[in-house]
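When reading the values below, keep in mind they use all heavy atoms of this one structure, side chains included, and skip hydrogens, waters and symmetry mates. In each ligand, atom 1 is the first atom listed, and ligand 1 is the first ligand listed.
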Amino acid sequence: MHAITRSGWVEVIAGCMFAGKTEELLRRLRRAEIAGQAVAVFKPATDDRYGEATVGSHNGRQWDAHVVDPEDGVAGIPEYLNGEQVVAIDEANFFPQELIGVCEGLASDGRRVIVSGTDQTFRGEPFEPLPQLLALAEYVDKLQAICSVCGEPASRTQRLVGGEPAHVDDPTILVGAEESYEARCRNCHTLRGE
Ligand SMILES: [Zn+2]
């Protein structure tokens, strides 16, 4: 995929939920592993869908990961590294802006940095830090899901609360709430209170 040979770089896998971002991340990590490259994987502590210390996609494949506290652990990511050439960060939308500088530093240090995350909030607005990472990255892939209403390509994440569209004033990140999510296209994505 790449032609860069003398420095590190950042590549971003973005898109809505159910677009296969983590599956694509794991595919790239598997290729690196086959080539004998050492890999380090990080994920935020708020994502506990697949157990404490693994990155997993909806199809069940998993990878051991360092779990990082988004509040105060981001700056410490480089300290976990022990010469790994490839550094992967999953669910990057749960990390603060500080992640941008960490990724830039790792790339400047000669590493391949692969970042996966949701680039829009449930409101369909830019979801930092992904938008800035998309701008700074050497390589960007934006994956689509399939709209669960109409079957068109989906770029947005629909939050549902009790089966109804979430309210526009709901918090961006909900942890442990009784909500569910669907992939939707621009036309089928809706918010209450808009
Ligand atoms: Zn649709």
Side-chain angles (χ1 to χ4, degrees), residues 1 10-31 41 43-51 54-63 65 70 88-97 99-100 103 113-194:
M1 157 189 181
V10 177
E11 53 195 71
V12 176
I13 305 164
C16 60
M17 288 178 70
F18 311 109
K21 298 183 299 299
T22 299
E23 203 177 329
E24 173 61 19
L25 178 72
L26 293 174
R27 191 188 71 83
R28 295 182 190 186
L29 296 181
R30 182 78 185 129
R31 293 303 169 281
V41 183
K43 61 174 251 183
T46 45
D47 176 22
D48 57 5
R49 283 182 301 174
Y50 301 101
T54 58
V55 166
S57 70
H58 295 282
N59 72 359
R61 289 188 292 177
Q62 294 192 335
W63 201 287
I89 295 159
D90 196 28
E91 304 282 355
N93 46 285
F94 290 115
F95 284 116
Q97 296 291 86
L99 182 69
I100 297 160
C103 291
V113 182
I114 314 172
V115 181
S116 165
T118 304
D119 58 344
Q120 294 181 11
T121 68
F122 75 97
R123 285 181 289 270
E125 296 167 342
F127 197 168
E128 294 292 354
L130 264 296
Q132 286 200 53
L133 285 166
L134 286 164
L136 293 166
E138 276 83 353
Y139 302 104
V140 170
D141 286 284
K142 182 152 175 167
L143 306 182
Q144 269 83 45
I146 294 171
C147 177
S148 59
V149 176
C150 74
E152 291 280 307
S155 59
R156 298 190 177 197
T157 300
Q158 175 71 53
R159 180 188 286 170
L160 300 167
V161 181
E164 296 295 318
H167 196 276
V168 66
D169 293 332
D170 280 358
T172 299
I173 296 177
L174 279 177
V175 178
E178 292 290 321
E179 88 281 12
S180 61
Y181 293 92
E182 290 179 355
R184 298 252 182 121
C185 71
R186 183 185 292 269
N187 283 340
C188 298
H189 179 261
T190 58
L191 289 167
R192 280 192 300 121
E194 226 185 8

Taking the basic N atoms (NZ, or NE/NH1/NH2) and the acidic carboxylate oxygens, is any pair closer than 4.0 Å for [X] and [Y]?
{"X": "Arg27", "Y": "Glu24", "value": "yes"}
{"X": "Glu11", "Y": "Arg28", "value": "yes"}
{"X": "Lys21", "Y": "Asp119", "value": "no"}

Checklist entry - Between CZ of Arg156 and CZ of Arg184, what distance do you get to the nearest 0.5 Å? => result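 Nearest 0.5 Å value for the CZ-CZ distance: 12.0 Å.
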
Item to check | Distance in Å, Leu26 CG paired with Ser116 OG, rounded so as to fall on 0.5 Å steps | outcome: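 Result: 8.5 Å between the selected atoms.
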
Item to check | side-chain hydrogen bond (donor to acceptor under 3.5 Å, both in side chains) assessment of Ser180 paired with Arg159 | outcome: CA-CA 6 Å; Ser180 61; Arg159 180 188 286 170; over 6 Å; no

Checklist entry - What protein N/O/S atoms are found closer than 2.8 Å to the Zn ion (ligand 1)? => result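 For the Zn ion (ligand 1), the protein N, O and S atoms that sit under 2.8 Å away are Cys147 SG, Cys150 SG, Cys185 SG, Cys188 SG.
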
